Amino acid sequence: MSNPEFRPGLADVPAAESGISFIDGKRARLEYRGIAVETLAKESFFEETSWLLLKGDLPRQKELADFDAALKEERCIHFRLLDALKSLPENGHPMGALQAGTAALGMFHPMSNVLNPANNWEAVIRLIAKLPTIVAAFHRLRVGHEAIAPRQDLGHAANFYYMLFGKEPSAAVTRVLDACLILHAEHTMNASTFSARVTGSTLANPYAVISSAIGTLSGPLHGGANEEVLDMLEEIASAENAKTWLVDAVATKKKIMGFGHRVYKVKDPRATVLQDLAEKVFAETNRPYAYNIATTLESAANEILGPKGIYPNVDFYSGIVYQNLGIPKDLFTPIFAIARVVGWLSHWLEQISNNRIYRPEQVFVGKSDQHYIPLEQRT
Ligand code: CMC
């Protein structure tokens, strides 16, 4: 049999049939269950958008109230999980703590199978509710503070901010953080979602599914890019230097962090919404110098990389927004995970509702029919 065609990165190879989200990469269009992400970022809030993604339609009032109450009820984490977080190295990356904490959740809430929809839904609620608590608790502990218990009178985004800083965010900050969560909640068949579906297809428990997706998200070509954007802006150092830096980076084939996308060949619609949000935050706080560098870099990149279809993606402006809210750089990707868990879980539910284990082909390029040479005869 001849070898099947190999597509590096599985580019253009469908890995599933899915009804959760849709991208038109030429029209800068991203829809969750048919609704434009810009509309959701403006009109909806994270809990409502989560229901939409998970269930397929916007919730009715009672459905939303029950969902919201269930999420609030599940925010606390077991004191022994807190102890486990305490024993992790304080200079370790919080994505590691989140991945370990999520896998550990599966030990506190064992699931012997994924055949019971009621149990699966409980796990969905638990994961969405507890991930922010794990991230905030690890952060507090590593800087020598006590973890802050979640509050039931705050929404998802405001409660996360409260658990991080011990104070309530303003209405404007809550709105921005909530919109960031909506923008990051789902994005078709990206690497971490694929990872979640592959793990889910083995009928592994949802905690294993989500922890494998968290590991995949951590890489600098995926969620980890938001941290690297800030490192890059620091390296560029001044708006005046942005174009020269870019020309040199392109000449030396450096990847410009926060630019480019497998699907979008225009500016990522999420980057546009994030930039608007950034402007709103800066109206309340200061306009950071990094933002000036970023906008100058974007103008130069439009000229130099635009003809290749390389434009800012979601990660380009998110870090600047988070930094302005006082959030440490290494929490940017964990925040991405707190949002994306909803997309991963939606894909997990979709996968197991019509499952076949992933078992792709390979194109074999190695040796065959080799003799075993005894060790003493090998030269
Ligand atoms: N800077 C410079 N050149 C780029 C960039 C970039 N950011 N992205 C793509 N290119 C060039 C690349 O060098 C290649 O050129 P050539 O054909 O001359 O060799 C061409 O465009 C195709 O690039 P690719 O890496 O094969 O494209 P891909 O679809 O495999 O990768 C990507 C997509 C997002 C990994 C890539 O654009 C990248 O590495 N971007 C920087 C990291 C980043 O911002 N990641 C966040 C992605 S969005 C959020 C998320 O999904 O997590």
Side-chain angles (χ1 to χ4, degrees), residues 6-15 20-21 23 25-26 28 30 32 37 95 98 180-197 212-233 235-236 242-243 245-275 294 297-322 329-344 347:
F6 170 53
R7 311 287 293 259
L10 298 186
D12 302 324
V13 178
I20 301 167
S21 63
I23 300 174
K26 292 198 188 90
L30 167 62
Y32 294 170
V37 75
M95 280 299 271
L98 181 61
C180 287
L181 294 182
I182 291 176
L183 292 172
H184 286 85
E186 160 61 9
H187 207 234
T188 76
M189 197 55 64
N190 54 85
S192 57
T193 298
F194 183 45
S195 193
R197 287 192 83 124
S212 67
I214 291 169
T216 308
L217 184 70
S218 67
L221 294 186
H222 194 6
N226 54 15
E227 267 185 56
E228 306 227 352
V229 168
L230 284 197
D231 293 339
M232 177 183 78
L233 296 176
E235 187 190 318
I236 296 172
K243 189 165 182 183
W245 182 93
L246 181 69
V247 169
D248 183 58
V250 171
T252 53
K253 293 214 166 290
K254 241 192 211 168
K255 278 276 174 80
I256 319 301
M257 288 294 137
F259 278 82
H261 201 275
R262 176 69 60 80
V263 187
Y264 295 116
K265 296 305 160 205
V266 291
K267 185 169 175 175
D268 182 336
R270 300 167 299 169
T272 307
V273 179
L274 270 164
Q275 195 172 1
L297 184 69
E298 183 183 346
S299 307
N302 281 346
E303 213 180 287
I304 297 168
L305 296 173
K308 284 182 82 176
I310 299 167
Y311 290 95
N313 60 49
V314 68
D315 285 329
F316 191 56
Y317 287 109
S318 63
I320 300 176
V321 173
Y322 296 145
K329 199 161 53 177
D330 61 2
L331 293 187
F332 299 171
T333 318
I335 295 176
F336 194 152
I338 286 172
R340 184 56 60 85
V341 68
V342 172
W344 295 329
H347 280 270

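The shown structure was predicted, so the numbers you read here are calculated from the model rather than taken from an experiment. Just so you know, ligand 1 is whichever comes first in the structure, and atom 1 is the first atom listed for that ligand. The figures that follow rest on heavy atoms only: side chains count, while hydrogens, waters and symmetry mates do not.
Atom CG in D315 sits 11.5 Å away from atom CD1 in I320 (nearest 0.5 Å). To the nearest 0.5 angstrom, F336 atom CZ is 10.5 Å from L183 atom CG.
With hydrogens and angles disregarded, no donor-acceptor distance shorter than 3.5 Å links the side chain of H261 to the backbone of D268.
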Could you give the N/O to N/O pairs under 3.5 Å linking ligand 1 and the protein, each with its distance?
unit_1: ligand 1; atom_1: 1 (N); unit_2: I256; atom_2: N; d: 2.8
unit_1: ligand 1; atom_1: 7 (N); unit_2: I256; atom_2: N; d: 3.4
unit_1: ligand 1; atom_1: 7 (N); unit_2: I256; atom_2: O; d: 2.7
unit_1: ligand 1; atom_1: 7 (N); unit_2: F259; atom_2: O; d: 2.7
unit_1: ligand 1; atom_1: 15 (O); unit_2: K308; atom_2: NZ; d: 3.1
unit_1: ligand 1; atom_1: 18 (O); unit_2: K308; atom_2: NZ; d: 3.0
unit_1: ligand 1; atom_1: 25 (O); unit_2: K255; atom_2: NZ; d: 2.8
unit_1: ligand 1; atom_1: 29 (O); unit_2: R262; atom_2: NE; d: 2.7
unit_1: ligand 1; atom_1: 30 (O); unit_2: R262; atom_2: NH2; d: 3.0
unit_1: ligand 1; atom_1: 39 (O); unit_2: K255; atom_2: NZ; d: 3.2
unit_1: ligand 1; atom_1: 40 (N); unit_2: F259; atom_2: O; d: 2.9
unit_1: ligand 1; atom_1: 44 (O); unit_2: G258; atom_2: N; d: 2.8
unit_1: ligand 1; atom_1: 44 (O); unit_2: N313; atom_2: ND2; d: 2.9
unit_1: ligand 1; atom_1: 45 (N); unit_2: L221; atom_2: O; d: 3.0
unit_1: ligand 1; atom_1: 51 (O); unit_2: H222; atom_2: ND1; d: 3.1
unit_1: ligand 1; atom_1: 52 (O); unit_2: H222; atom_2: O; d: 3.1
unit_1: ligand 1; atom_1: 52 (O); unit_2: H222; atom_2: ND1; d: 2.6
unit_1: ligand 1; atom_1: 52 (O); unit_2: G223; atom_2: N; d: 3.3

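Remark: Y32 pairs with no residue by the ring pair (Phe, Tyr, Trp, His ring centres under 6.0 Å) rule, at least two apart or across chains.
The side-chain hydrogen bond (donor to acceptor under 3.5 Å, both in side chains) contacts involving residues 180-189 comprise S21-E186, E186-H347, H187-Y264, H187-R270, where partners must be two or more places apart or lie in separate chains.
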Extract all donor-acceptor atom pairs below 3.5 Å that involve side chains of residues 223-230 and protein atoms in other chains or at least two apart in sequence.
unit_1: N226; atom_1: OD1; unit_2: T333; atom_2: OG1; d: 3.0
unit_1: N226; atom_1: ND2; unit_2: F332; atom_2: O; d: 3.4
unit_1: E227; atom_1: OE2; unit_2: H93; atom_2: NE2; d: 2.7

